[in-house]
Amino acid sequence: MLSHLLSLEGIEAVVVERHSRRRIEERIRAGVLEQWVADLLVETGVGDRLKREGLVHHGIALRFQGKDHRIDFAELAGGKGVTVYGQHEVVKDLIAARLAAGGAIVFEAGNVSVHGFDGDAPVIRYHVDGEPRDLHCDFVAGCDGFHGVCRPSIPQGALTVYERVYPFGWLGILAEAPPASDELIYAHHEDGFALLSMRSPQISRLYLQCRPDEDLNLWPDERIWRELHHRLETTGAPWRLTEGPVLQKGVTAMRSFVVEPMQYGRLFLAGDAAHIVPPTGAKGMNTAIADVRALSRALTAFFKEGRRDLLDSYSDTCLRRVWKVQRFSWWMTSLLHRFDDHTPFDRRRQLAELDYVTSSRAAATTLAENYVGLPME
Ligand code: DHB
């Protein structure tokens with residue numbers, strides 16, 4: 001996305017990717033785009049398939065004590081909504097657009113390392129087909145994820161880490177089953193959280209709260225479906241989860257993580273390289289795109305007008321929004337999950353909070369405005 005935004009300003013960028021094109025185009029990840037992200041993809045010419053295939057949603061349901069309570073985004077957040085469209089679909093569209101425009105993407109780059117970013121002439125070193133390459137550049141954008149090489153290349157002591165690890169994870173499946181609801185259902189259940197999401201009118205995406213180190217071998221499909229039925233059960237209005245063949249399954253551990261600052265010399269961190277949110281609320285990809293939008297503006301001001309101010313304030317600009325997104329993701333996680341150390345008091349308080357969020361317009365509005373995406377500035 002950063003190289004796409006920069007290319008629209010006439011600024012050249014080379015994407016150095018560790019994995020194969022096939023792997024990053026197929027790996028199932030998040031799937032909810034904030035309103036402004038969908039708008040940005042369309043405005044910048046990479047939204048044709050998104051417009052055709054993306055599912056626009058104007059609300060979600062919070063399900064607790066067997067009943068649904070709708071949060072109406074359109075009404076509470078000025079007509080805004082979200083678009084359900086897989087992150088790997090965004091990746092496919094961006095790769096196609098970059099290659100069609102003659103952009104450079106190096107796939108399957110090995111032994112990637114970054115050097116010299118504390119001076120004016122950074123170098124990215126890597127191997128392709130066993131051959132060493134040096135890429136001389138003006139700036140390095142560390143968009144290489146939580147496990148990437150950029151953040152650990154910054155000298156120890158220059159970054160402060162803020163972190164919280166949650167005592168649970170999500171077991172996620174992709175199933176060939178028409179979604180049992182037109183909108184996402186976030187279910188609070190005394191045995192743990194469950195989420196019904198989707199990728200298309202034929203494909204459901206479902207999640208169950210599980211142990212952080214859950215062993216997938218203990219979860220044959222039949223057990224997953226039984227637990228999903230149980231946690232998504234309703235009282236009152238009849239509703240039934242639709243089942244189908246399980247296409248993929250996996251376990252995601254959950255943490256909140258931020259490093260400050262998001263810059264060291266000419267190395268700028270963006271996305272998961274700088275911060276991780278627990279998945280509840282679907283903020284990971286959206287926050288990464290917010291970072292690279294700020295970075296593309298800052299680099300554009302530098303190259304076109306010789307201004308350094310936006311580069312100098314990049315970290316502060318991003319972190320101000322990042323921390324609000326951290327707060328929201330932590331809050332959604334706390335609101336909906338089962339915590340083993342909760343006392344009966346905590347459980348009553350959690351239900352009261354769900355009741356409050358779904359009955360007070362003021363409280364529902366704070367959920368809605370965060371879910372559809374906070375403004376950048
Ligand atoms: C999805 C993931 C989320 O974390 C979420 O809050 C909603 C939907 C998804 O993968 O569809």
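When a ligand or atom number is given, it counts from 1 through the structure's own listing order. Below, each value reflects all heavy atoms present in this structure, side chains not excepted, and no hydrogens, waters or symmetry copies.
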Could you give me the CA-CA distance, side-chain angles and deciding distance for Phe302 and Phe139, then say whether ring-ring contact (aromatic ring centres under 6.0 Å, His included) is met?
CA-CA 11 Å; Phe302 177 83; Phe139 294 96; 5.2 Å; yes
Centroid-to-centroid, His275 to Tyr162, below 6.0 Å?
no
Ring centers of His337, His188 separated by less than 6.0 Å
no
Pairs of donor and acceptor atoms involving the side chains of residues 210-217, under 3.5 Å and at least two apart or interchain, shall be tabulated with distances.
unit_1 : atom_1 : unit_2 : atom_2 : d
Glu214 : OE1    : Arg211 : N      : 2.9
Glu214 : OE2    : Trp219 : NE1    : 2.9
Asp215 : OD1    : Asn217 : N      : 3.0
Asp215 : OD1    : Asn217 : ND2    : 3.3

Using the ring-ring contact (aromatic ring centres under 6.0 Å, His included) criterion, which residues pair with His229? Sequence neighbours excluded.
none
Results of ring-ring contact (aromatic ring centres under 6.0 Å, His included) for Trp239 - residues two or more places apart only:
none
Distances under 3.5 Å, N/O of ligand 1 against N/O of the protein: list each pair and its distance.
unit_1   : atom_1 : unit_2 : atom_2 : d
ligand 1 : 4 (O)  : Pro279 : O      : 2.5
ligand 1 : 6 (O)  : Tyr186 : OH     : 2.5
ligand 1 : 6 (O)  : Pro279 : O      : 3.4
ligand 1 : 6 (O)  : Gly281 : N      : 3.0
ligand 1 : 6 (O)  : Ala282 : N      : 3.3
ligand 1 : 10 (O) : Arg199 : NH2    : 2.7
ligand 1 : 10 (O) : Tyr207 : OH     : 2.6
ligand 1 : 11 (O) : Ser197 : OG     : 2.6
ligand 1 : 11 (O) : Arg199 : NH1    : 2.7
ligand 1 : 11 (O) : Arg199 : NH2    : 3.4

